Amino acid sequence: MLDIKFIRENADAVQENARQKNYEVNITELLKLDGERRELSQRVDELRERRNAIAASMKGGKPEQSAIDEGKQIKVELSEQEGYLNNLEAEVLTLQKKVPNMAASDVPVGASEDENVVAKVIGDPTAFSFEPRNHSEIALQRGWLDKERAAKVAGSRFAYLKGDLVKLQFAIIQFVIDSLSDEKVLAKIAADAGLDVSLKPFTPVLPPLMIRTELYDAMDRLEPRDDRYKLEDDDLWLQGSAEHVMGSMHANEILDENDLPIRYLGYATSFRREAGTYGKDMEGILRMHQFDKLEMESFTVGEDGLKEHLLMVAIQEYLLASLGLPYRVIQKCTADIGKPNARGIDMEAWLPGQNQYRETHTADYMTDYQARRLQTRVRRNSGDLELIHTNDATAFALGRAMIAIIENNQNEDGSIVVPEVLRNYLGGKEVL
RNA sequence: GGAGAGGUGGCCGAGUGGUUGAAGGCGCACGCUUGGAAAGCGUGUGUGCGAGCAAUCGUACCGUGAGUUCGAAUCUCAUCCUCUCCGCCA
């Protein structure tokens, strides 16, 4: 959520920003209600002041009947006015929550994802001496994938992964955890990217996979609800990304500046209903209701937020390059970065089986937009209290990482060359 | 699932209807003291909203939400969380 004072002082820019991000909001209406709210709030405060004065005059000795009568009268009036005020405050909050975060100044303005900008292309599309197949065909041939039985048990967009594919997933997980909890690796990544940032390692986390409505909403990740799984008997949802359950873990906390940055590397099975994608990407495991993901989340002081974002992007590039995958970096435009985002970067890996790049990573920088509703703050060494900045970014969505490995590293016979960095985690095997 | 106890400021902890935003302690900041430090002494030390150039003032906040009352941290109800015991269970 944006600060109401900021909205007041930058009404035009906020309205224009919402337009560029394709969110319908009426800033004029919001500010009108906010003005009414402030006026009414003042009237209510005056009534309360009078009420308090009367109550104070009655402490001890026997109450004067006239004072009690006035108190009663004020109570009636106050309860009516407070009712109006509560409604107004709720209306203002509802509108205020709809206002998207301000896009950073270097985010390209665009009306749809078609106007995203390819910022960088690394590696050439993998060349083959035979016709490369898609991951689904290979995985089926190798007995690594069973979607028919998964459909029988759980429905469409579920899968049983089996055999070496499972070992590959755990190898990737180990590799990422080892890399990101190693200060030396971070130092190299930061140096290569020319970033002067903290080298504090990421703490591996296994988070809860369920989250309360209130916190999900405060994260601004509950919408669209159609894409979330709700547990009807409890006030809980299945999380759609470890970001949701890690970003909310310091809600209503005041962190010590000396403890920042706080960096987490969460591993979580993530759930998405994929509403509105019927018939899309049905082959293989590209788009599932359930997928495992390694996700970075970090909390920093405001002035370090952007650098942290850039570090995460550099980490993503490092991870993709470590696996030897061709990829490109997409700078998302205003319409595509998302409501809470100030900036958003996607990585797309080359998939020979589909003959195109497909999204494997996202990096989101939210400035203090999430922190304002989460009430995650930092006590600066100066004594000041400030909202922290949040960043999240994919380390690897395991399913898509394995799709990329299978398709780029395939041999004609359906065997897969293991990326060098993973071999130690697979008993030294060079080919699966 | 059953029975019980409890949630108060950065932390510990008093407080069962009326100068309580909240005693006391710890911590922290500043000052005095000291060759320096510790101890000691003194002063100060929450957040949100609104008004004000500011000093400051008003208001709300004692897990959360409703209610009773002229007046609620204190009484009532609901709810969440923590702990103990029993049951169940990987």
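Note that the coordinates shown come from a computational prediction; the quantities given were computed from them, not determined experimentally. Letters A, B, ... mirror the listed sequences (proteins, then strands); counts begin at 1.
Contact check, A/Lys75 against B/U69: a side-chain N or O comes under 4.0 Å of OP1 or OP2. Contact annotation: A/Arg212 side-chain N/O to B/U64 OP1/OP2 distance is not under 4.0 Å. In this model, the phosphate group of B/G18 is not approached by any side-chain N or O of A/Asn52 to a distance below 4.0 Å at OP1 or OP2. One finds no side-chain N or O of A/Arg377 lying less than 4.0 angstrom from the OP1 or OP2 phosphate oxygen of B/G46.
A distance of about 15 Å separates the C1' atoms of B/G52 and B/U59, rounded to the whole Å. Nucleotides B/G21 and B/G15, compared at atom C1', are 13 Å apart to the nearest Å. Taking the C1' atoms as reference points, B/C53 lies 35 Å from B/C62, given to the whole Å. Here the separation of B/U45 from B/G58, taken at their C1' atoms, is 22 Å to the nearest Å. Atom name P, nucleotides B/G31 and B/U84: the rounded distance is 47 Å, in whole Å. Rounded to the nearest Å, the gap between the C1' atom of B/C80 and that of B/A66 is 15 Å. With both ends at atom C1', the span from B/C30 to B/G67 equals 46 Å, rounded to whole Å. Atom name P, nucleotides B/C28 and B/U76: the rounded distance is 40 Å, in whole Å.
When the P atom of B/C70 is taken as reference, atom CD of A/Glu77 falls 16 Å away, rounded to whole Å. Here B/A60 presents its C1' atom at 15 Å from CG of A/Leu47, a figure rounded to the nearest Å. The CD-P distance, from A/Glu89 to B/U59, rounds to 16 Å in whole Å. Between the CG atom of A/Leu215 and the C1' atom of B/C81 there is a distance of 13 Å, rounded to whole Å. Protein atom CD of A/Glu46 is 13 Å distant from nucleotide atom P of B/A60, rounded to whole Å. Between the CG atom of A/Asn381 and the C1' atom of B/C28 there is a distance of 12 Å, given to the nearest Å. Rounded to whole Å, the distance from CD on A/Gln375 to P on B/G48 is 8 Å. Residue A/Glu82 contributes atom CD, which lies 10 Å from atom C1' of B/A60 at whole-angstrom precision.
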Base-pairing string, 5' to 3', of RNA chain B - Watson-Crick or wobble, under 3.5 Å, | interstrand
((((((((.[[[..)..(.....]]]((((((.......))))))((((((....)))))).[[[[[..)....]]]]])))))))....

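Partners of A/Asp69 according to the side-chain hydrogen bond (donor to acceptor under 3.5 Å, both in side chains) rule, which considers only residues two or more places apart in sequence or in another chain, are A/Gln65. Under the side-chain hydrogen bond (donor to acceptor under 3.5 Å, both in side chains) criterion, A/Ser322 pairs with no residue, sequence neighbours left out. When the side-chain contact (heavy atoms from CB on, under 4.5 Å) test is applied to A/Asp106, the partners found at least two apart in sequence or on another chain are A/Ala104, A/Gln331, A/Arg343.
Of the two residues contacting RNA chain B, namely A/Glu49 and A/Lys72, the nearest-nucleotide position lying further toward the 5' end is that of A/Glu49. Position along RNA chain B of the nearest nucleotide to A/Leu385 versus A/Arg51 favours A/Leu385 as the more 5'-ward residue.
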Between the protein and nucleotides 50-56 of chain B, which nitrogen or oxygen pairs are less than 3.5 angstrom apart?
unit_1	atom_1	unit_2	atom_2	d
B/G50	OP1	A/Arg8	NH2	2.7
B/A51	OP1	A/Arg38	NH1	3.1

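At distances below 3.5 Å, at least one donor-acceptor pair connects side-chain atoms of A/Asn408 with backbone N or O atoms of A/Ala404. Judged by distance alone, the side chain of A/Arg272 and the main-chain N or O of A/Gln290 form no donor-acceptor pair under 3.5 Å.
Considering only side-chain atoms of A/Arg379, the nucleotide from B/G46, B/A60, B/G58 that sits closest is B/G46.
In this structure, A/Arg19 does not pair ionically with A/Glu24, as no charged nitrogen and carboxylate oxygen lie closer than 4.0 Å.
Relative to the ring axis of A/Trp144, A/Lys162 does not place its NZ or CZ within 45° and under 6.0 Å from the centre.
For the 3.5 Å distance criterion, the side chains of A/Ser112 and A/Asp336 fail to qualify, holding no donor opposite an acceptor.
Applying the side chain to side chain contact (heavy atoms under 4.5 Å, CB included) test between A/His361 and each of A/Glu317, A/Met312, A/Met347 identifies A/Met347 as the sole match.
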Quick one: side chains of residues 182-195 of chain A, donor-acceptor pairs under 3.5 Å with protein atoms, not counting sequence neighbours, listed by atom name and distance.
unit_1	atom_1	unit_2	atom_2	d
A/Asp182	OD1	A/Lys184	N	2.8
A/Lys188	NZ	A/Asp192	OD2	2.7

Evaluation steps, ring pair (Phe, Tyr, Trp, His ring centres under 6.0 Å), between A/His289 and A/Phe271
CA-CA 6 Å; A/His289 284 314; A/Phe271 303 91; 9.9 Å; no

